[in-house]
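In what follows, a single structure is set out as structure tokens and then discussed.
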Amino acid sequence: MTFRSLLKGLSLAALTCASLAGGGAMAQTPGPLHVPSPDWRDQVIYFVMTDRFEDGDPSNNDQGKGEFDPAQRGRFSGGDLKGVEKRLDYIQGLGATSVWVTPPVENQWLDPATGYGGYHGYWASDFKAIDRHLGSLKDYQNLSRALHGKGMYLIQDIVLNHTGNFFNYGSEYDPANPVKGYVPYPNSAPMAAPRQYPFSLNDPRRKADREAGIYHWTPDIKNLSERDQELNFQLSGLDDINTENPVVKRALRDSYAHWIKEAGVDGFRVDTIFYVPPDLMTDFLYSKDPKAPGIAEVARRTGRDNFHVFGEGFGMDRRFEDKVARRINSYMVGPNGEARAPGMINFPLYGTATDVFARGRPPAELAFRIENMMALHQRPHLMPSFLDNHDVDRFLSGGTETGLRQNLLMMMTLPGIPVIYYGTEQGFTVQRAAMFAKGWGSGGRDHFDTTSPLYRYIASLTKLRRENRVLSRGTPKVLAGEAAGAGALVYLMQDGSETLLVAMNTADHPVLLDNLDIGQGSGTVLQPLFAMDGKAPLLVVGQNERLTTQLAPHAGTVWRVSKAPPLSLKAAPPALSLDALPQGPVTEPTLTVRGQATPGEELKLVLDGNLGEAQSVQADAIGRWQAKLSTAAFVDETITHRVTAYSVKSGQASPAGAFNVRPSWSLRNEMADPAGDDTGPPGAAYVYPTDPSFAPPTMDFRGARVSTAGGALKLELDMGAISQVWGPQNGFDHLNLTGFIQLPGPSATGARAMPNQRGDLPGDMTWHYRFRAHGWTNALFSHVGANATQEGTKAGPAPSISVDKDAKRITLIFPSSSFGDQVDLTGATLFLTTWDYDAAYRSLEAKPGGYIFGGAKSASDPKIMDSIGPFTIGTSPSK
Ligand SMILES: [Ca+2]
Ligand SMILES: [Ca+2]
Ligand SMILES: [Ca+2]
Ligand SMILES: [Ca+2]
């Protein structure tokens, strides 16, 4: 290819722009359109929402239908395929080896019903055409060749479940008669119906369309727990395709084969997979139809013997459960071993990792998840892992940068293909903000900074993964996962003779790793390979063939087990021991522990790995020692606590003793709240958003019970209704709970503002801690730095949440460590509010909309549907 032909089609303005921006090579050295498949285990994927990534051609931005408006989140911003190509050096510099682009196909640009547009690509009108905003087929081919020229791969996001929203059904819907209640959207821009045959046959009032049966002709999903609705009804108004129809199946295979053949795509990510039957995967990949074979065969004919397909089964599992993981598995392998998708995105791992790294939940939950994914799935190495994406709150909107770094370290040291969602490497907090200056939410500047700390950190992790294939191909063995709170997560990664040890401490205190069995003999050396803070000690397996060491607060370290001969160690010191602990749960506020050591030896008594608060004890003249442990702060009787005697001098730890505590909650306040006052603050007349998925009265408090156990807090909230329509991780949706806590006593003055809810707390109340919980978020903040628009400083641990749907009750339990280890909450003041939340508190306007609250009289009306309090803990129960 000549230089001239490379430049063909690039406007002078775009050229100048590219060179000025210094965005790497302005034209990439092209490779072939078709390349053999990589070993997908070793890939690192960079996921771009093309419209929000980079604008390589401003001439295609505005197609004149009102769809282009970078000031609005829901409209096109101007990013395109040329923009992605322009930034490949930036992406490769991060260590990514594949690029996943949102669907590039022609979309419905604007839905008149909602005012939102298909800038994201998931509202197709033609599965075989490129959307004009993104460029041309030629641009897509150029991107593909440029990737291949760099040894990289192209992954296309595809949709099998639905098109855009071109029709809906009103309340008179009748499953026996698809004409009844049918409402077309003729004003949809720019097309009134899909252009592509057979998806153009979308009007059941026409006999031919009706008989073709290309759609399910159904209304919106109202109850996601009904499988028939989930499979066959419309998801948020998106017209549900009849994926059982052989004509449809062939059209889908044909449509997506097009992109492999014409654009050299190397893999597919399949959107909304839970909304189609699992065996559609078998047909899509492996159909023997000679006219439109399965896409695995299509790919094979282009030289790809290992075309990757992974689905999005959106759902997170509750702690120590694997219901969603099993469901995800059913899309990879059938009940009789049928081959389905080679991989699925690992949502349960995401959910648990976020709980642990962003919300301070115990690493034991992650230890379970890692073991479960290895036991349950046949090909965990092919399951993409992630921590941010376009449908979830970004990690940094509720977690710290340190937590983010640990989560990244975990992703890069476990099986599964790490996915970096664009912007994570620039510290983005907003889900779909643009990377380029002129796009939505960019803050008016470009963000392609290869010197940013997170960019460099991720690059160092991808290098670690690349240089140690045991991390992408090996098998993890979990050695420690703290159960009682934040603390240690430790695992080995093993493959053949290679063994790495990965250890993280999620806590603010140093932790003890006691007597880890790493399967190596005494004197074996572990050499530090990677450390989050740049430094790590050499480790040596002790005389008892166990490894005992300390981890600094928020450490994240990787060691390599040396193959050199072991060191010869000095003779073992006399063993430390712990007497057997009493059987059964501890119900007293203290527990006495005793043991044996060397006479006069100084020991630390380490509870739940916490070296920061370890009690010092000294053995007596005959080596006996004893101490009392406080158990008053423990609130969860399912947690097994561990106690160990540790000698800093000898580096030895006794075998651990285990016990459980049964907390004694005392009921402090019990109050009722009126039914039907979920209408805003006194005097207001707010109404719920009008989308049918809202099912009032989910935001109506009916009562609350407040209990404490020392500094721990239990809130039992009775609600007017519990909705689970979107299968929420926390057990409730269409409700966001925001609560404010003013600590008792002479604490520093807290904040007055209710961040992002508009207005201040009632009366003279201020808050020290604030929690915000909805279906997928559970975050705790301290007041430091909080104001009307800033949520304050992330704190933890966030409460554990449980829901009793039948009793319409939500229970939140905060351990005393949530509130800075308060001893007693008597006199604390609480204020509880309801609203709804989706990446932000939902809007409130004069008139309601699909997802907009109505009834506002001014732009400063507070976002509160119902509230309880302020009330003070321990005062006589109020009404
Ligand atoms: Ca553009
Ligand atoms: Ca469906
Ligand atoms: Ca529709
Ligand atoms: Ca109420």
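None of these values were measured; they are calculated from a predicted model. Remember, it's 1-based here, ligands and their atoms both numbered in the order they're listed. Side chains included, hydrogens not; waters and symmetry mates left out as well; all remaining heavy atoms used.
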Is any N, O or S atom of [X] under 3.0 Å away from the Ca ion (ligand 2)?
X: Asn161; result: yes
X: Leu231; result: yes
X: Asp240; result: yes
X: Tyr275; result: yes

Name of the Asp700 N, O or S atom nearest the Ca ion (ligand 4)?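 This residue's closest N, O or S atom turns out to be OD1.
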Please report the interatomic distance [atom1]([X]) to [atom2]([Y]), rounded to the nearest 0.5 Å.
X: Phe771; Y: Ile741; atom1: CZ; atom2: CD1; result: 5.5 Å
X: Tyr686; Y: Glu845; atom1: OH; atom2: CD; result: 12.5 Å
X: Trp100; Y: Phe47; atom1: CH2; atom2: CZ; result: 4.5 Å
X: Phe127; Y: Trp259; atom1: CZ; atom2: CH2; result: 11.5 Å
X: Met383; Y: His377; atom1: CE; atom2: NE2; result: 3.5 Å
X: Leu252; Y: Thr243; atom1: CG; atom2: OG1; result: 8.0 Å

Taking N, O or S atoms only and a limit of 3.0 Å, check whether [X] reaches the Ca ion (ligand 3).
X: Phe167; result: yes
X: Asn165; result: yes
X: Phe166; result: no
X: Asp239; result: yes
X: Gln234; result: yes

Opening angle between OD2 in Asp673 and OD2 in Asp866, taken at the Ca ion (ligand 4), to 10 degrees: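 Taking the Ca ion (ligand 4) as the apex, I get 80° for this pair.
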Once rounded to 10°, what is the value of the angle centred on the Ca ion (ligand 4) between Phe701 O and Pro674 O?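 The angle at the Ca ion (ligand 4) comes to 100°, rounded to the nearest 10°.
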Is there an N/O/S atom in [X] that lies less than 3.0 Å from the Ca ion (ligand 4)?
X: Gly720; value: no
X: Ile868; value: no
X: Asp677; value: yes

Are side-chain heavy atoms of Val706 and Leu713 found at a separation under 4.5 Å?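 Yes, close enough: below the 4.5 Å cut-off.
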Within 45° of the six-membered ring axis of Phe274 and under 6.0 Å from that ring's centre, is NZ or CZ of Arg327 located there?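 Output yes; distance and angle both within limits.
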Asn165/Trp123 under side-chain contact (heavy atoms from CB on, under 4.5 Å): CA gap, chis, key distance, verdict: CA-CA 7 Å; Asn165 179 16; Trp123 294 358; over 6 Å; no
Would you say the ring centers of Trp217 and Tyr169 fall short of 6.0 Å from each other?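 Between Trp217 and Tyr169, the centre distance exceeds or equals 6.0 Å.
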